[in-house]
Amino acid sequence: EGAALATGGTRRGIVVSTLAEARFFAAGGFDDILYAFPVPRWRLAECSELAQRLQEFQVLLDSRQGLEMLLHTPLPGVKRWLVWLKLDCGNARAGIRPTDPEALELARGIAQGSPELVTLVGVYAHCGN
């Protein structure tokens, strides 16, 4: 009920920190969910299933290895991985530091590398302080 109220009844645009939460909200009719944790390899199959099932299932990336993993696991049909670049704002939780020279290279790789497989949605940071 709280999520329906928070989204004004649209059941879109929610952020979850676990795939159990994502499945719970998907079962409740939410079809635009961001999994706010860089995709671990052992969760890729679950993420793929949600991405195929929902209108928009979005994930975070913070490394070249993560991008390569998605590129080697394309979604079927016209679906693409919807990706946010995860930045570390100094809390050392997760993400790539914006001052890291690889950050811009990773952003370009997501945005321009294989647009038929991966789409850069934006940048995501959890400041937490």
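Under a 3.5 Å cut-off, the side chain of E21 and the backbone N or O of S17 do form a donor-acceptor pair. When atom types are taken as modelled, the side chain of S114 and the backbone of L117 share no donor-acceptor pair closer than 3.5 angstrom. Checked by atom type and distance alone, the side chain of K86 never pairs as donor or acceptor with a backbone atom of A125 at under 3.5 Å. Listed for the D62 side chain is a donor-acceptor partner under 3.5 Å among the backbone atoms of G95. When atom types are taken as modelled, the side chain of W81 and the backbone of T73 share a donor-acceptor pair closer than 3.5 angstrom. Side-chain atoms of Q52 come within 3.5 Å of backbone N or O of S48 as a donor-acceptor pair.
Rounding to the nearest 0.5 Å gives a distance of 12.0 Å between CG of L50 and CG of D31. From I110, atom CD1 reaches atom CG of L71 across 9.5 Å, with rounding to the nearest 0.5 Å. Taking CZ of R97 as the reference point, atom CG of L87 lies at 10.0 Å (rounded to 0.5 Å). In this structure, L120 CG and L106 CG are separated by 9.0 Å, a value rounded to the nearest 0.5 Å.
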*asked:* One pair to check against side-chain contact (heavy atoms from CB on, under 4.5 Å): I96 and D88. What are the steps and the verdict?
replied: CA-CA 5 Å; I96 189 167; D88 174 2; over 6 Å; no

*asked:* If you apply the rule side-chain contact (heavy atoms from CB on, under 4.5 Å), what do you find for V15 with Y124, and how did you get there?
replied: CA-CA 11 Å; V15 179; Y124 186 91; 3.7 Å; yes

*Would R80 and V118 satisfy side-chain contact (heavy atoms from CB on, under 4.5 Å), going step by step from the backbone distance to the final call?*
CA-CA 5 Å; R80 292 172 283 171; V118 175; over 6 Å; no

*So L60 and V39, side-chain contact (heavy atoms from CB on, under 4.5 Å) or not? Walk me through it.*
CA-CA 6 Å; L60 300 183; V39 179; over 6 Å; no

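Atom CD of E102 sits in a sparse spot, with 12 or fewer heavy atoms from other residues, nucleotides or ligands closer than 6.0 Å. Counting non-hydrogen atoms of other residues, nucleotides and ligands closer than 6.0 Å to CZ of R108 gives a total of 12 or fewer.
Considering all non-hydrogen atoms of both residues, G109 and L67 come closest at C-CD2, 3.7 Å. The two residues A26 and R53 make their nearest non-hydrogen contact at CB-NH2, 3.2 Å. For R12 against T7, the heavy-atom pair with the smallest separation is O-CG2, 3.2 Å.
With D32 as reference, Q58 is the one residue of R11, Q58, Q55 to meet the side chain to side chain donor-acceptor pair (under 3.5 Å) rule.
A 4.5 Å side-chain heavy-atom check between L34 and F57 finds every atom pair outside the cut-off. Annotation: side chain of T18 is not in contact with side chain of F37 (no heavy-atom distance under 4.5 Å). Contact of the V59 side chain with the L82 side chain is not registered, since no non-hydrogen atoms from C-beta on lie closer than 4.5 Å.
Ion pairing between a basic and an acidic side chain is recognised when a charged N comes within 4.0 Å of a carboxylate O; E105 and R64 show no such pairing.
Ring-plane geometry between F30 and F25 is classed as perpendicular, the angle between the planes exceeding 60 degrees on a 0 to 90 degree scale with a lower cut at 30.
In the hydrophobic clustering of this structure, V121 does not group with L61; members are Ile, Leu, Val, Met, Phe, Trp, Tyr whose side-chain heavy atoms approach within less than 4.5 Å, directly or through other members. Hydrophobic clustering, with ILVMFWY side chains joined whenever heavy atoms are under 4.5 angstrom apart, keeps V83 apart from L104.
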